[in-house]
Protein chains: 2
Amino acid sequence: MNDYQLKLDGSICFAIYTAGHAMNRVYKPLLDALGLTYPQYLVMVSLWQEDGQTVGGLGEKLFLESSTLTPLLKRLEAAGYIRRDRSKVDERVVIARLSDEGIRLKEKAAAIPNCIANATGRDAAGLARLEAEIVALREALNKSAV
Amino acid sequence: MNDYQLKLDGSICFAIYTAGHAMNRVYKPLLDALGLTYPQYLVMVSLWQEDGQTVGGLGEKLFLESSTLTPLLKRLEAAGYIRRDRSKVDERVVIARLSDEGIRLKEKAAAIPNCIANATGRDAAGLARLEAEIVALREALNKSAV
DNA sequence: CAATAAATAATCGTGCGCGATATAAATAGG
DNA sequence: CCTATTTATATCGCGCACGATTATTTATTG
């Protein structure tokens, strides 16, 4: 029962891979205006939802390692959007907090989700349904990976 | 009508972004056994379907730039899986061809699509339907991007 | 047919993204 | 307490991935 062939078309993984690139191309001009990359934008969104998160906490939410986040957070700090402070309670922990400029940036970013939604050409219900399916796929893959 | 908020959950882009990472984690051990990365695997799959493709042709299929493909193809060549030759007809063009070892590698890779399909926990029909939706999303995004 | 434009790869710089490893702090055990 | 282990972040090396630029070849045009 070797049903699945070595092909690009018909491969859900290739579809996700290329959809991710396509998505980045849509975000790029919008994020350039804010001086952010997409992963940096994700960190900012996470901090706008809940300020003062640890590196590990952000990593769990965004599925990223400290080896990715540490330099990224340093760049956000250099850009003036966040501060990075060691926790007083536990000196191992680093906490990322929004700066005033980082807080102000939220308003400039507010229009982005609608721009992206428009670019997909789908209505809210269709997007929500598809998003739920992709999240379910992600969860299945994450469970399967040892 | 500012319906869409700055949140991670509910964002189809974040879902795709993280699903791509999850997918990579599943592929990694399978591809490590072949000495390939996922983008390298995509090039090999493309060449197994049609040997002797130009850099530009591969770029169109895989949605990648020459600045990504050139070094990647050089690594595949260094690994002994392909050769890179200038076209005799048009000296601007570089053609990637499978080596004997590259041809043999296809058999070792044959089981991978089934492994991945199993990891998704979905049946063939469900995967095909979801893949079609993600491809449609990709096309919509690519059209929207100027 | 020579000057110009277009096409094709390649190069360079920047920023992910991860695995492996290191460093330092906190906790556990004897 | 004092050592051993665990935890949290940081560092390093490698491979994408892209935009901007360059080099070379081919096609076009006056």
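Owing to the predicted nature of the structure, the values given are computational and were not obtained by experimental measurement. A, B, ... follow the sequence lines: proteins, then strands. Residue 1 opens every chain.
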When the side chains of residues 85-92 of chain B are checked against the rest of the protein, which donor-acceptor pairs come out under 3.5 Å, sequence neighbours left out?
unit_1, atom_1, unit_2, atom_2, d
B:R86, NH1, B:E91, O, 3.1
B:R86, NH1, B:R92, O, 2.9
B:S87, OG, B:V89, N, 3.1
B:S87, OG, B:D90, N, 3.1
B:D90, OD1, B:R92, N, 3.0
B:D90, OD1, B:R92, NE, 3.1
B:D90, OD2, B:R92, NE, 3.4
B:D90, OD2, B:R92, NH2, 2.8

Atom-pair distance ([atom1] on [X]; [atom2] on [N]), nearest Å:
X	N	atom1	atom2	answer
A:L76	C:dT14	CG	P	18 Å
A:N24	C:dG17	CG	C1'	13 Å
A:Y27	D:dC18	OH	P	17 Å
B:L31	C:dC18	CG	P	16 Å
A:R75	C:dT14	CZ	C1'	8 Å
A:Y17	C:dG17	OH	P	13 Å
B:M23	C:dG17	CE	P	13 Å
A:R25	D:dA17	CZ	C1'	10 Å

Those residues that, when tested against A:E50, pass side chain to side chain donor-acceptor pair (under 3.5 Å) (two or more places apart):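 Result, side chain to side chain donor-acceptor pair (under 3.5 Å) vs A:E50: A:K61.
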A:S46: partners by side chain to side chain donor-acceptor pair (under 3.5 Å), with sequence neighbours left out: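 Side chain to side chain donor-acceptor pair (under 3.5 Å) check on A:S46 returns A:Q53.
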Of residues 32-40 of chain B, the positions that come close to DNA chain D - non-hydrogen atoms, cut-off under 4.0 Å: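 Those residues whose heavy atoms fall under 4.0 Å from DNA chain D, taken from residues 32-40 of chain B in numerical order, are B:T37, B:P39, B:Q40.
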Sub-4.0 Å heavy-atom contacts from residues 58-65 of chain A onto DNA chain D, ordered by number: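 Of all residues in residues 58-65 of chain A, none places a heavy atom under 4.0 Å from DNA chain D.
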Any pair counted as side-chain hydrogen bond (donor to acceptor under 3.5 Å, both in side chains), so long as it reaches residues 127-140 of chain A, sequence neighbours left out: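 Found A:R129-A:E133, A:R129-B:E133, A:E133-B:R122, A:E133-B:R129, A:R138-B:T18.
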Pairs flagged by side-chain hydrogen bond (donor to acceptor under 3.5 Å, both in side chains) wherever residues 64-80 of chain B is involved - sequence neighbours left out: B:E77-B:R84
Residues which pass side chain to side chain contact (heavy atoms under 4.5 Å, CB included) with A:K28, listed by chain and number, not counting sequence neighbours: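 Here the qualifying residues are A:D32.
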Closest nucleotide among D:dC16, D:dC18, C:dG15 to the B:L72 side chain: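 Side chain of B:L72 sits closest to D:dC16.
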Closest to side chain of B:T68, choosing from C:dC18, D:dC18, C:dA26: D:dC18
Partner set under salt bridge (charged side-chain N to carboxylate O under 4.0 Å, His left out) for B:D123, not counting sequence neighbours: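 So B:D123 forms no salt bridge (charged side-chain N to carboxylate O under 4.0 Å, His left out) with any residue.
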Letter per nucleotide, 5' to 3', of nucleotides 1-10 of chain C [B base touched, S only sugar-phosphate touched, - untouched; heavy atoms, 4.0 Å]: ------BSBB
Min side-chain heavy-atom separation A:L137-A:I12 under 4.5 Å: yes
Can I get a per-line list of side-chain donor-acceptor pairs under 3.5 Å for residues 99-110 of chain B, giving both atom names and the distance, sequence neighbours left out?
unit_1, atom_1, unit_2, atom_2, d
B:S99, OG, B:G80, O, 2.5
B:S99, OG, B:Y81, O, 3.2
B:S99, OG, B:E101, N, 3.4
B:S99, OG, B:G102, N, 3.0

Full working for side-chain contact (heavy atoms from CB on, under 4.5 Å) between B:R83 and B:I95: CA-CA 8 Å; B:R83 280 188 304 274; B:I95 300 176; over 6 Å; no
With sequence neighbours excluded, residues passing ring pair (Phe, Tyr, Trp, His ring centres under 6.0 Å) with B:F14: none
